[in-house]
Amino acid sequence: MAKNLNEELPMDDATQNVADSFRTQIRGWYGEYKRTLPWRGLRSFYPVWVSEIMCQQTQVATVIPYFERWMETLPDVESLASATEEEVLKLWEGLGYYRRARLLQKGALFIKDNGEPETFVEMLKVPGIGPYTAGAIASIVFDEKVPAVDGNVLRVISRFRAIFEPVDTKVGRSVIEQFVEKTLISETCPGSLNQSIMELGALICRPKVPRCEVCPLKGECLAFLEHVPTDLPIKSKKVKAKKWSPFAVIYRKGDKIALKREEDKNLLSGLWGVPIVEEKPEDVDELVVVRHQFTHRDTYYQVCVSDETAEMDYFSSEELKALPISTAMKKVISAYFSNGDIGDS
DNA sequence: AACACGGGGAG
DNA sequence: CTCCCAGTGTT
């Protein structure tokens with residue numbers, strides 16, 4: 001088999017000694033300082049799966065109450081598979097990246113048909129499970145020797161080995177994955193090793209303010225010894241939010257407003273909200289501008305009211321609390337109910 | 001490879 | 001303001 005030597009890091013004796021030191025130091029640190037988390041120590045597929053999906057692009061502290069409520073309501077794959085999409089999204093309300101919740105349920109249906117995956121390769125077939133999540137579950141639940149490379153691991157390893165290749169490219173990512181898989185991961189508790197690297201990234205090897213002085217790896221960390229740790233990792237892409245000023249139309253009827261489920265192809269698909277349009281409709285009065293910053297869109301909702309009758313379902317402020325509604329739409333709706341009653345008609 | 005996809009924490 | 005968080009799917 002041909003190997004791509006360009007993507008391999010050195011694997012001499014010195015590197016192996018460094019790897020041994022890494023494992024010893026970080027395991028000791030992890031045993032003493034790891035946070036207590038609701039899913040920490042669990043070794044069955046379902047709760048680990050749910051926790052990993054919830055934690056994608058979301059800080060652990062934010063996830064905890066969502067995870068606990070989710071597990072009380074939908075404690076196993078079967079209950080998730082048979083839940084309504086509305087119920088699933090309501091449990092996810094406020095967490096963001098709502099596609100994760102819908103894919104989680106699709107995954108439950110997939111597992112209902114195909115059985116629970118038990119290997120990294122099988123897990124990749126489940127909707128919503130990518131290389132990180134497959135590695136995390138396979139190593140934590142099934143002791144498979146596979147890396148779980150998230151943002152924390154990219155940062156910790158790029159600093160530890162002084163890897164200046166951009167980590168948000170195929171090559172850069174591969175270098176990190178190869179180092180973890182070929183050099184770092186061992187037979188003993190691969191899941192704990194993966195988790196310990198992530199935990200170190202979250203608590204010590206932080207993006208802006210790393211706590212190098214108390215880091216268990218400072219003796220071998222090339223970024224700490226030879227460079228400026230905060231120069232790493234290198235990231236090549238940087239996308240800036242574009243300004244977006246659509247109209248949010250409140251169709252009112254008495255004390256109720258019209259809401260609809262957002263279409264699949266749109267932002268916030270599956271959630272409920274008022275209609276969002278690019279062009280200003282006829283016969284509406286502008287009420288207020290509500291700003292909401294998405295990652296990719298700095299949004300200025302121009303909230304308008306209309307007394308026309310819309311072909312949608314109408315809800316009172318009490319009734320809409322039962323629906324899954326995004327934080328963005330809650331701001332818009334809240335602006336209407338707090339200001340909209342004052343004035344004309 | 002580049003982009004879409006939410007919301008919030010922290011400097 | 002900025003960056004980034006236990007990433008994945010689509011184009």
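In what follows, chains are A, B, ... by sequence order, proteins preceding strands, each numbered from 1. Since the structure is predicted, the reported quantities are computational estimates derived from the model, not experimental observations.
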May I have the list of side-chain donor-acceptor pairs in residues 203-214 of chain A shorter than 3.5 Å, sequence neighbours left out?
residue, atom, partner, partner atom, Å
A/Arg206, NE, A/Val209, O, 3.0
A/Arg206, NH2, A/Val209, O, 3.1

Intermediate values then yes/no, salt bridge (charged side-chain N to carboxylate O under 4.0 Å, His left out), A/Lys112 and A/Glu78: CA-CA 7 Å; A/Lys112 203 177 162 188; A/Glu78 293 72 29; over 6 Å; no
Salt bridge (charged side-chain N to carboxylate O under 4.0 Å, His left out) between A/Glu308 and A/Lys253, worked out: CA-CA 9 Å; A/Glu308 303 293 312; A/Lys253 185 185 288 179; over 6 Å; no
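The side chain of A/Tyr98 contributes an N or O atom lying less than 4.0 Å from OP1 or OP2 of B/dG7. OP1 or OP2 of B/dG7 has at least one side-chain nitrogen or oxygen of A/His292 nearer than 4.0 Å. The shortest distance between the side-chain N/O atoms of A/His296 and the OP1/OP2 oxygens of B/dC5 is not below 4.0 Å.
For residues 237-264 of chain A, no residue pair satisfies the ring pair (Phe, Tyr, Trp, His ring centres under 6.0 Å) rule, not counting sequence neighbours.
Counting any heavy atom pair closer than 4.0 Å across all strands shown, A/Arg173 reaches no nucleic acid atom. At the heavy-atom level, A/Ser51 lies nowhere under 4.0 Å from the strands shown. Residue contacts for A/Trp39: at a heavy-atom cut-off of 4.0 Å it reaches a base atom on one of the strands shown. Contact annotation for A/Gly201: no contact, since no heavy-atom pair falls under 4.0 Å across all strands. Looking at heavy-atom distances under 4.0 Å, A/Ala328 makes contact with sugar-phosphate atoms alone, never a base. As judged by a 4.0 angstrom heavy-atom cut-off over every strand, A/Arg102 is placed among residues making no nucleic acid contact.
Taking atom P in both C/dT11 and B/dG6, one finds a spacing of 16 Å when rounded to whole Å. A gap of 25 Å separates the P atoms of B/dC3 and C/dA6, to the nearest Å. C/dT10 and B/dG7 are spaced 22 Å apart, taking the C1' atom of each and rounding to whole Å.
The separation between A/Leu200 atom CG and C/dC5 atom P is 14 Å, rounded to whole Å. Computed from coordinates, the A/Arg211 CZ to B/dA10 P distance equals 14 Å when rounded to whole Å. B/dC5 atom P lies 18 Å from atom CG of A/Leu95, rounded to whole Å. Distance, A/Glu93 CD to B/dG8 P: 11 Å, rounded to whole Å. Spacing between atom CZ of A/Arg155 and atom C1' of C/dG7 amounts to 15 Å, rounded to whole angstrom units. Atom NZ in A/Lys237 sits roughly 13 Å away from atom P in C/dT8 (whole-Å rounding). Spacing between atom CD of A/Glu177 and atom P of C/dG7 amounts to 13 Å, rounded to whole angstrom units. For the pair A/Lys240 NZ and C/dC4 P, the computed distance is 17 Å after rounding to whole Å.
Checking B/dG7, C/dA6, C/dC5 against the side-chain heavy atoms of A/Glu199 singles out C/dA6 as nearest. Counting only heavy atoms from C-beta on, A/Lys170 has its side chain closest to B/dA1 among C/dG7, C/dC1, B/dA1. Between B/dA1, B/dG7, C/dC4, one nucleotide has an atom nearer to the side chain of A/Thr295 than all others, and that is B/dG7.
Judged by closest nucleotide on DNA chain B, A/Asp168 is the one of A/Gly94 and A/Asp168 placed further toward the 5' end. Along DNA chain C, the nucleotide closest to A/Leu37 and the one closest to A/Lys238 are compared, and the more 5′ of them pairs with A/Lys238. Heavy-atom distances to DNA chain B give each of A/Phe294 and A/Val209 a nearest nucleotide, and the one nearer the 5′ end belongs to A/Phe294.
Shown here are the side-chain contact (heavy atoms from CB on, under 4.5 Å) partners of A/Val141, two or more places apart in sequence or in another chain: A/Val48, A/Ile137.
Defined by atom type and a distance below 3.5 Å, a donor-acceptor pair is missing between the side-chain atoms of A/Glu319 and A/Tyr314.
Taking the ring centroids of A/His292 and A/Tyr300, they lie at or beyond the 6.0 Å cut-off. Between A/Phe67 and A/Trp39, the distance from one ring center to the other falls under 6.0 angstrom.
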Are there any protein N/O atoms within less than 3.5 Å of an N/O atom in nucleotides 9-11 of chain C, and if so, which ones and at what distance?
residue, atom, partner, partner atom, Å
C/dG9, OP1, A/Gly128, N, 2.5

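One finds the CG atom of A/Leu89 at 12.0 Å from the CZ atom of A/Arg100 (value rounded to the nearest 0.5 Å). Residue A/Leu222 holds its CG atom at 5.0 Å from CZ of A/Arg161, rounded to the nearest 0.5 Å. A/Ile325 contributes atom CD1, which lies 9.0 Å from atom CH2 of A/Trp272 (distance to the nearest 0.5 angstrom). Distance check: A/Ile140 CD1 to A/Phe45 CZ gives 12.0 Å after rounding to the nearest 0.5 Å.
Interface remark: the A/Tyr132 side chain does not form any donor-acceptor pair with the C/dG7 base, using a distance-only criterion of under 3.5 Å. Applying the 3.5 Å distance criterion, the base of B/dG7 shares no donor-acceptor pair with the side chain of A/Thr327.
Less than 4.0 Å separates DNA chain B from at least one heavy atom of each of the following residues of residues 54-65 of chain A: A/Gln57, A/Thr58, A/Gln59. Listed in residue order, the members of residues 258-277 of chain A having a heavy atom less than 4.0 Å from DNA chain B are A/Leu267, A/Leu268.
Using cut-offs of 30° and 60° on the angle between ring planes, the pair A/Phe294 and A/Tyr301 is perpendicular.
A/Leu259 is not listed as a side-chain neighbour of A/Asp313, based on a closest heavy-atom distance of 4.5 Å or more.
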